[in-house]
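Count residues from 1 along the sequence. For the numbers below, each heavy atom of this structure counts, side chains included, while hydrogens, waters and symmetry mates do not.
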Amino acid sequence: LGAVTLYSAVWCGYCRQAKAYLASHGIAYREVDVESPSGAADFARAGGGRGIPLLVASGQQIRGYSQASYDALFGR
């Protein structure tokens, strides 16, 4: 599937749901905290915008969290 990156923040409930999904399906990912200066810059390069979590995998982006869209991306 290639590298999976999740842009998130500690206060974000949907981010916690996204992390729980990835963990429960054994999907390795890199987490980027958009609140840190380097994370904010990384997030901006990835497309930024207003919505988190932002999941980037296989050249696709999913903004927000929906189990159905994660299932579709990861072929569950």
Side-chain angles (χ1 to χ4, degrees):
L1 188 68
V4 177
T5 304
L6 183 70
Y7 296 90
S8 64
V10 292
W11 48 263
C12 167
Y14 288 112
C15 299
R16 283 192 288 277
Q17 290 180 39
K19 287 187 270 192
Y21 177 95
L22 295 170
S24 70
H25 290 85
I27 298 165
Y29 66 97
R30 181 174 72 99
E31 184 177 1
V32 176
D33 180 1
V34 300
E35 299 281 274
S36 72
S38 63
D42 203 10
F43 180 57
R45 280 192 297 276
R50 300 187 54 81
I52 56 172
L54 173 63
L55 180 82
V56 180
S58 301
Q60 297 183 61
Q61 294 188 351
I62 298 176
R63 195 174 298 275
Y65 172 73
S66 130
Q67 182 175 339
S69 56
Y70 276 43
D71 283 348
L73 177 63
F74 294 112
R76 298 282 185 238

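Side-chain atoms of Val34 and Leu54, non-hydrogen and from C-beta on, never get closer than 4.5 Å to each other. Contact of the Lys19 side chain with the Leu22 side chain is not registered, since no non-hydrogen atoms from C-beta on lie closer than 4.5 Å. At least one side-chain heavy atom of Phe74 sits under 4.5 Å from a side-chain heavy atom of Leu55.
Looking only at distances, no side-chain donor or acceptor of Arg45 sits under 3.5 Å from a matching main-chain atom of Ala40. With Gln61 contributing its side chain and Ala46 its backbone, the two residues share a donor-acceptor pair below 3.5 Å.
Closest approach of Tyr21 and Ile27 over heavy atoms only: CE2-CD1, 4.2 Å. When all heavy atoms of Arg30 and Tyr7 are compared, the pair lying nearest together is NH2-OH, 4.1 Å. Leu73 approaches Gln60 most closely through the heavy-atom pair CD1-NE2, 3.4 Å. Contact between Arg63 and Gly48 at its shortest, heavy atoms only, is NH1-O, 2.7 Å. Between Cys15 and Leu6, the shortest heavy-atom distance links the atoms O-CD2, 4.4 Å. Closest of all the heavy-atom pairs between Gly39 and Ser36 is N-OG, 3.0 Å.
By the 30° and 60° cut-offs, the orientation of the rings of Tyr65 relative to Tyr70 is perpendicular.
When the side chains of ILVMFWY residues are joined at heavy-atom separations under 4.5 Å, either directly or via intervening members, Val4 and Ile62 end up in a single hydrophobic cluster.
Remark: Tyr29 OH is packed, more than 12 non-hydrogen atoms of other residues, nucleotides or ligands lying under 6.0 Å away.
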